[in-house]
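As a basis for the values below, the full set of heavy atoms in this structure was taken, side chains included, without hydrogen atoms, waters or symmetry mates. Since we're looking at a predicted model, the values are computed, not measured.
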Amino acid sequence: MSDILVVRIHADQRAETAVTTGTKAWELFRDDAEVIAARVAGALKDLSYELADGDEVEGVAIDSADGRDILRHSTAHVMAQAVQQIWPEAKLGIGPPIENGFYYDFDVETPFVPEDLAKIESAMRKIIKENQRFERRVTSDAEAIDELKDEPYKIELIGLKGGAGTEGTEGASVEVGAGELTIYDNLGRNGEAKWSDLCRGPHLPTTKRIPAFKLMRSAAAYWRGDEKNKQLQRIYGTAWESKEALEEHLHRIEEAERRDHRKLGRDLDLFSFPDEIGSGLAVFHPKGGVIKRVMEDYVRQRHIEEGFDYVGTPHISKEGLFHTSGHLPYYKDTMFPPMEFEGSDYYLKAMNCPMHNLIFRSRGRSYRELPLRLFEFGSVYRYEKSGVVHGLTRVRGLTQDDSHSYVTPEQAPAEVKHLLDFVLGLLRDFGIDDFYLELSTRDDAKPDKFVGTDEEWAVATKVLEDVAVESGLELVPDPGGAAFYGPKISVQARDAIGRTWQMSTIQYDFNQPKGFELEFAAADGSRQQPVMIHSAKFGSLERFFGVLVEHYAGAFPPWLAPVQVQGIPIAERHNDYLFDIARQMKAQGLRVEVDDSDDRMQKKIRNAQLQKVPFMMIAGDDDVEKGAVSFRYRDGRQDNGVPLADAIQRVAAAVASREQV
């Protein structure tokens with residue numbers, strides 16, 4: 001056997017190594033139990049991959065992002081194998097890894113129930129214990145169709161191989177794609193195939209390399225995400241590199257369920273989604289209305305302080321406006337159907353920027369007016385599919401704190417920096433201070449999805465990238481994630497339990513000023529086109545509201561809390577005393593209620609705790625005599641005998657500082 005040279009990459013160190021022809025990737029990493037796959041020239045490969053001369057090979061650890069995807073996809077195969085062991089008539093759909101887990105779709109006669117998941121888990125554990133080997137096999141379309149003749153969904157995917165049809169099918173890329181077609185066999189100890197699946201891989205070496213998994217739930221799902229297709233049964237699961245990591249994940253899920261803004265919205269009487277109005281359309285109740293108003297008042301004042309002019313635009317517009325802006329050809333599927341009126345089609349607006357352009361164009365503009373900054377609370381409407389509507393975080397009717405800055409090209413970098421500083425300051429004021437930036441750019445392989453020249457995109461992208469780098473925050477690339485009219489920076493914020501939410505966005509737009517023929521008179525008398533920079537600080541008020549509910553688990557800091565102080569009399573004779581204090585507090589703009597119900601004091605304290613009121617103000621005979629109150633906090637602490645003036649000042653100071661108590 002001849003020698004070949006390969007490069008082993010480990011911990012950013014490169015080592016040239018001579019091996020014999022026929023050496024497999026696993027042999028380079030035989031001493032590292034955490035490596036479960038290899039990256040060869042950037043492509044993920046099974047450890048059984050046979051090395052070639054000149055290969056640059058990097059080990060993929062099971063606890064890396066790619067390693068977890070491979071672990072979870074392998075576990076999805078084991079789950080599908082177990083399902084077909086128990087229900088041989090089950091037909092296979094698609095089973096990709098997803099964030100924190102995996103799923104697999106099945107066509108079965110009867111929907112799965114929780115007891116079925118327990119049976120499947122038991123069968124999976126037996127398969128894992130058998131240490132079956134995942135083995136890749138190249139096949140032709142004709143051979144695969146013959147082999148999978150009893151799997152109609154797999155045959156359909158083979159027909160889509162390499163075509164555009166796979167792009168709109170979530171998870172299809174794990175099964176088929178451009179290039180060769182492959183099947184993975186699960187082989188027993190004697191080499192016989194126990195189960196097979198159409199798949200691109202890679203996979204773990206064996207089933208025994210699955211350390212920890214759990215099946216979470218089942219749900220209905222349309223084949224290829226199209227409600228015109230047959231409804232399949234989807235089983236969701238999760239898999240992790242260790243039992244400890246799985247337990248931590250399950251704990252995070254429990255905590256997320258405790259913080260679910262939909263549940264807290266009901267419990268705290270903040271908002272609801274009446275069926276009579278329609279899916280994804282929220283109504284805010286009085287307590288939720290308080291939080292919404294405080295958010296609006298805050299961000300309106302902050303925009304004014306940052307040099308923005310407040311404007312207002314209607315909720316509907318003639319169709320032509322969205323052709324001029326360029327939105328209709330790209331976003332029509334996410335807009336509500338048009339309404340015919342007086343011979344014209346009108347659309348509910350899905351964005352505010354076209355109308356702001358008309359305000360800019362309403363009269364001549366001079367370079368002396370730039371940057372011109374326009375801002376509004378714009379209500380927009382987007383047709384989200386019913387399957388993705390989710391409480392306040394994915395709605396069909398939303399309010400954007402939407403702004404558009406019109407600047408000269410030379411002013412663009414400073415304006416982007418100004419907007420990013422504004423955004424980060426706002427997030428910190430709301431108690432969110434752990435974030436990174438994402439830079440969304442054009443996908444050069446899909447030129448029909450974007451407008452503008454290469455030069456325009458290069459200039460716009462560099463402006464955003466330079467500002468993002470200068471901020472010192474982590475910057476993550478998002479290739480292909482840009483809007484059709486230009487690149488964007490999005491602020492990705494982590495909440496109190498480490499989940500990431502996309503919040504504010506800043507977008508550079510060279511297209512709409514061109515489409516609307518926006519101009520300003522330059523210093524030399526020429527007419528020039530401005531650059532338009534979009535920015536939404538909350539993103540959407542509804543989504544931000546929902547994130548705040550979950551971030552604080554409903555226990556808002558006093559400045560946001562619907563009720564800042566709950567007065568609790570020890571006995572009925574103390575009611576008037578607390579009502580008098582409440583009037584003094586309200587005169588200073590504080591939100592105070594007094595519980596004068598017939599409930600016992602302990603029940604009143606419990607009710608205030610359930611409503612997550614930050615200050616419980618208790619008064620009894622001693623307090624009345626001394627002109628004082630006792631404070632009880634959400635964590636059970638209590639301060640007794642606080643003089644009245646100090647008590648009022650304490651609450652006012654906490655509200656003014658936006659601190660949590």
Side-chain angles (χ1 to χ4, degrees), residues 258-272 284-295 297-298 430-431 496 545-546 548-572 574-620 623 628-644 646-661:
R258 185 179 74 85
R259 293 170 178 265
D260 189 329
H261 74 279
R262 297 168 299 175
K263 177 182 182 297
L264 288 170
R266 292 189 301 270
D267 294 346
L268 302 178
D269 196 21
L270 302 178
F271 55 83
S272 61
F284 289 87
H285 300 189
K287 287 184 177 180
V290 169
I291 301 172
K292 183 172 180 286
R293 174 179 56 78
V294 172
M295 293 171 64
D297 289 347
Y298 167 91
F430 279 90
F545 190 120
L548 285 179
V549 173
E550 300 205 3
H551 179 63
Y552 288 113
F556 294 100
W559 78 288
L560 288 171
V563 177
Q564 295 164 333
V565 182
Q566 182 75 55
I568 299 175
I570 291 179
E572 184 179 355
H574 307 124
N575 287 356
D576 290 345
Y577 178 71
L578 283 175
F579 274 115
D580 182 61
I581 298 173
R583 281 191 290 271
Q584 296 178 55
M585 287 184 161
K586 288 179 179 179
Q588 295 197 26
L590 301 176
R591 298 186 289 274
V592 188
E593 292 183 355
V594 176
D595 186 347
D596 61 350
S597 68
D598 294 333
D599 291 332
R600 296 171 63 87
M601 184 187 72
Q602 292 305 321
K603 176 71 179 299
K604 293 178 181 182
I605 290 174
R606 177 61 176 158
N607 289 341
Q609 287 175 327
L610 290 173
Q611 288 299 301
K612 303 182 185 291
V613 178
F615 291 97
M616 286 165 270
M617 186 170 63
I618 302 170
D623 297 300
V629 294
S630 295
F631 274 130
R632 186 181 178 91
Y633 302 96
R634 287 183 289 214
D635 63 2
R637 289 181 299 115
Q638 188 158 321
D639 287 340
N640 297 321
V642 181
L644 181 55
D646 291 349
I648 296 174
Q649 175 57 29
R650 184 179 299 187
V651 176
V655 171
S657 67
R658 303 190 181 94
E659 67 180 331
Q660 181 62 293
V661 298

Practice task
Could I get the full list of side-chain contact (heavy atoms from CB on, under 4.5 Å) partners for S272, not counting sequence neighbours?
Solution key: P274, V283, H285
Problem - D580 side chain vs Y577 backbone, donor-acceptor pair below 3.5 Å - result: no
Exercise for the section: Could you tell me whether the side chain of V613 reaches within less than 4.5 Å of the side chain of E593, counting heavy atoms only? Expected result: no
Practice task
Take atom CZ of R606 as the centre, draw a 6.0 Å sphere, and report whether it contains more than 12 heavy atoms from other residues, nucleotides or ligands.
Solution key: no
Handout entry: Value rounded to 0.5 Å, distance of CD in Q588 from CZ in R583
Key = 15.0 Å
Practice task
State, yes or no, whether a side-chain contact exists between I618 and I570 at a heavy-atom distance under 4.5 Å.
Solution key: yes
Handout entry: Over 12 foreign heavy atoms within 6.0 Å of CG, D297
Key = yes
Problem - CG-CG distance between D576 and D596, expressed to the nearest 0.5 angstrom - result: 9.5 Å
Exercise for the section: Evaluate the side-chain proximity of F631 to M617: yes if any heavy-atom separation is below 4.5 Å, no if none is. Expected result: yes
Practice task
State the CD1-NZ distance between I568 and K603, to the nearest 0.5 angstrom.
Solution key: 12.5 Å
Practice task
Using a strict 4.0 Å threshold on nitrogen-to-oxygen distance, state whether R650 and D639 make a salt bridge.
Solution key: yes
Completion exercise
Between S630 and Q638 the two heavy atoms that sit nearest each other are CB-NE2, 4.2 Å
Exercise for the section: Could you check if a side-chain atom of F430 sits within less than 4.5 angstrom of a side-chain atom of L560, using non-hydrogen atoms only? Expected result: yes
Practice task
Indicate whether the side chain of Q611 and that of N607 have a donor and an acceptor atom separated by less than 3.5 Å.
Solution key: no
Handout entry: Interatomic distance, H574 atom NE2 to I581 atom CD1 [nearest 0.5 angstrom]
Key = 11.5 Å
Fill in the blank from the handout: Heavy-atom nearest pair, F556 first then P562, reads CD1-CD, 4.4 Å
Handout entry: Between CD1 on residue I291 and CH2 on residue W559, distance to nearest 0.5 Å
Key = 11.0 Å
Practice task
Compare every heavy atom of R259 with every heavy atom of L264, then report the nearest pair and how far apart it is.
Solution key: CD1-O, 3.5 Å
Practice task
Show the numbers, then the answer: is there a side-chain contact (heavy atoms from CB on, under 4.5 Å) between K263 and R266?
Solution key: CA-CA 5 Å; K263 177 182 182 297; R266 292 189 301 270; 3.8 Å; yes
Handout entry: Q609 vs R632, side-chain contact (heavy atoms from CB on, under 4.5 Å): CA-CA, chis, key distance, verdict
Key = CA-CA 10 Å; Q609 287 175 327; R632 186 181 178 91; 3.8 Å; yes
Exercise for the section: On the 0 to 90° scale, with breaks at 30° and 60°, tag the F545-F271 ring pair as parallel, tilted or perpendicular. Expected result: perpendicular
Handout entry: Shortest non-hydrogen contact between R634 and V661, atoms and distance
Key = NH2-O, 3.4 Å
Exercise for the section: Ignoring hydrogens and angles, tell me if any N or O in the side chain of H551 forms a donor-acceptor pair with the backbone of G431 under 3.5 Å. Expected result: yes
Practice task
Flag the pair R591 / V563 as yes when at least one side-chain heavy-atom distance between them is below 4.5 Å, and no otherwise.
Solution key: no
Exercise for the section: Would you mind reporting whether Y298 and R658 have side-chain heavy atoms less than 4.5 Å apart? Expected result: yes
Exercise for the section: Locate the shortest heavy-atom distance separating P569 from D595; write the atom from each residue and the value. Expected result: CD-O, 3.2 Å
Problem - Taking every non-hydrogen atom, the tightest pair across L590 and V655 - result: CD2-CG2, 4.0 Å
